[in-house]
There are 2 protein chains.
Amino acid sequence: MTSLELTQWALGSQLTLGRGEPLFRQGEEVGGALHFVRGGHLKLYQTCDDGMQRIIEFARPGDWLGVDTIGEQFRHASAVALTDCQVDVVEYRHLAELMDEEPYSCDLFSAMLSREIDRQQLAAAILRSAGACQRIVMFLLQRAGPAPQAPSQEMHSPLPMSRQDISDYLGLTPATVSRTLSALKRNGWISLGQRGFVVQCRAALEQLAEGAPLAIAAQGE
Amino acid sequence: MTSLELTQWALGSQLTLGRGEPLFRQGEEVGGALHFVRGGHLKLYQTCDDGMQRIIEFARPGDWLGVDTIGEQFRHASAVALTDCQVDVVEYRHLAELMDEEPYSCDLFSAMLSREIDRQQLAAAILRSAGACQRIVMFLLQRAGPAPQAPSQEMHSPLPMSRQDISDYLGLTPATVSRTLSALKRNGWISLGQRGFVVQCRAALEQLAEGAPLAIAAQGE
DNA sequence: CGGGCCCTTGATATGAGTCAAGGGTGGTGG
DNA sequence: CCACCACCCTTGACTCATATCAAGGGCCCG
């Protein structure tokens with residue numbers, strides 16, 4: 001039973017956001033609800049003292065927002081829509097009622113939070129150990145999702161955030177991200193569209209994600 | 001109401017570990033329980049394909065272990081004692097009973113998991129944005145705990161893990177950690193014992209944690 | 001007292017950041 | 001519908017922080 005199934009019970013009011021619109025802002029009152037992303041993409045970020053943004057994560061359909069502030073009064077981060085979005089607003093008291101009625105729902109909820117802890121631990125582990133190329137390739141593979149049955153069925157994966165956002169998220173600079181993506185493209189491992197990409201050679205990317213060095217094909221090819 | 005108060009109800013059997021003893025190992029069955037650290041220090045880590053360890057976190061008294069595998073069958077990481085430890089084993093079914101009986105315990109538990117998510121997000125944010133010196137100083141300040149009422153009351157803080165462990169945790173190398181600690185000591189900001197340290201000038205460390213550059217006092221001083 | 005391991009420190013290498021310029025794309029207004 | 005403009009992306013040259021490689025020293029344990 002997955003987090004999606006939780007939401008079959010816990011449906012709340014729906015909310016629609018246009019690209020660039022905020023869902024909530026750092027420092028606001030939490031307001032007694034979680035958000036479940038039904039459609040579209042958002043970014044969760046903090047604004048530093050010096051005005052720079054720190055990306056916490058990118059949210060996709062099926063992700064929850066607000067799981068870092070359960071029991072807190074104020075938001076730790078801001079969320080804005082990167083594309084048009086549909087978001088469910090799931091009130092804590094709905095969840096509480098659900099947990100009274102459905103014996104397993106509390107376990108499901110705990111397991112959902114636990115998975116989120118694990119995801120964050122994994123993200124931190126990657127930041128600790130991986131170089132620039134490795135981080136970028138892991139990021140792409142994660143966005144592309146699991147391998148299709150046939151290599152030819154690789155789908156176009158959206159990349160709705162700016163290079164600046166990607167580089168903040170990966171702890172790199174826009175220049176390094178751009179260079180590395182260009183190199184991957186030159187080698188034919190991926191193709192790049194304006195706001196998306198397609199995996200062309202998953203095997204090569206998986207090698208790189210394991211730590212293999214990136215041999216840069218000459219630009220003149 | 002804190003996570004400690006949760007454990008006043010949810011007491012399970014106690015467990016004692018000697019230094020170096022494992023609490024659980026990556027790949028083992030989870031076994032239906034969380035662990036609560038009563039005394040001592042442990043490290044939580046994964047073993048990579050290449051044999052290297054990846055430190056996930058260090059656990060101190062008051063910390064929970066196993067929150068990343070609720071609802072999972074197998075452990076994602078190993079935990080070993082860095083010092084002699086006392087650990088409470090809190091079975092899921094104890095927690096479940098508690099949540100039936102005590103109306104707020106479910107909220108408390110969710111809030112505890114939520115705080116853990118926030119901690120991991122913060123750790124990741126630090127890894128993304130901070131340089132070597134900043135990471136090390138933040139690590140030391142976190143270990144030292146909140147400032148005492150008088151600067152002269154700074155306590156000796158234990159540092160029971162090896163330099164290798166620290167460097168893995170911070171995404172650095174043992175050499176860099178050692179150099180930076182030496183520089184902090186030379187400047188008189190900290191003093192270093194064999195398995196611990198004392199904050200000598202918290203103000204200076206807080207400056208460094210905010211991103212101030214580390215002016216290295218000449219070695220000959 | 002002896003040995004091994006970890007910590008420290010130095011010299012050098014290298015990957016990523018910085019600074020800066022040029023080009024493409026999307027959006028806006030005429 | 002087209003043209004202009006702004007912003008972001010790309011690319012290059014250079015710098016710098018941190019990793020790497022390696023040697024010496026000290027601590028702890030046997």
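So you know, we letter chains A, B, ... as the sequences are listed, proteins then strands, and number each from 1.
- On a pure distance criterion of 3.5 Å, a polar donor-acceptor pair joins the side chain of R179(A) and the base of dG12(D).
- A straight line from CG of L192(A) to C1' of dG24(C) spans 14 Å, rounded to a whole angstrom.
- At a threshold of 4.0 angstrom between heavy atoms, the contacts of L181(A) with the nucleic acid are absent.
- Taking side-chain N and O atoms only, T176(A) has a distance below 4.0 Å to OP1 or OP2 of dG17(C).
- Side-chain proximity of A132(A) to dT18(D), dA16(C), dT10(D): nearest is dA16(C).
- Enclosure of atom CG in D50(B) by more than 12 non-hydrogen atoms of other residues, nucleotides or ligands within 6.0 angstrom is indicated.
- Using a 4.0 Å heavy-atom cutoff across all strands shown, G171(B) reaches sugar-phosphate atoms only and no base atom.
- Rounded to whole Å, the distance from CG on D168(B) to P on dA19(D) is 11 Å.
- If you run side chain to side chain contact (heavy atoms under 4.5 Å, CB included) between L17(B) and each of D84(B), L23(B), V80(B), only L23(B) comes through.
- Distance check, rounded to the nearest 0.5 Å: CD of Q53(B) to OH of Y45(B) gives 7.0 Å.
- The side chain of S162(A) has dC9(D) as its nearest neighbour among dA16(C), dC9(D), dA19(D).
- Mapped onto DNA chain D by nearest heavy atom, V177(B) and R19(B) fall at different nucleotides, with V177(B) at the one closer to the 5' end.
- Heavy atoms of other residues, nucleotides or ligands lying less than 6.0 angstrom from CD of Q26(B) number more than 12.
- Rounded to an integer number of Å, the gap from L172(A) CG to dT18(C) P is 11 Å.
- Between R128(B) atom CZ and dG17(C) atom C1' the separation is 18 Å, expressed in whole Å.
- dT18(D) atom P lies 12 Å from atom CG of L170(B), rounded to whole Å.
- Rounded to an integer number of Å, the gap from F197(A) CZ to dT10(D) C1' is 19 Å.
- Between the P atom of dG17(C) and the CD atom of Q164(A) lies a distance of 12 Å, rounded to the nearest Å.
- Side-chain atoms of T173(A) lie closest to dT18(C) of the nucleotides dC9(D), dT8(C), dT18(C).
- At the heavy-atom level, S182(A) lies under 4.0 Å from the strands shown only through sugar-phosphate atoms.
- As rounded to whole Å, 13 Å separates atom P of dC9(D) from atom CD1 of I136(A).
- Counting atom types as modelled, R186(A) pairs no side-chain N or O with a base atom of dT11(D) as donor and acceptor under 3.5 Å.
- Among E116(A), R115(A), Q121(A), the one residue that satisfies the side chain to side chain contact (heavy atoms under 4.5 Å, CB included) test with R119(A) is E116(A).
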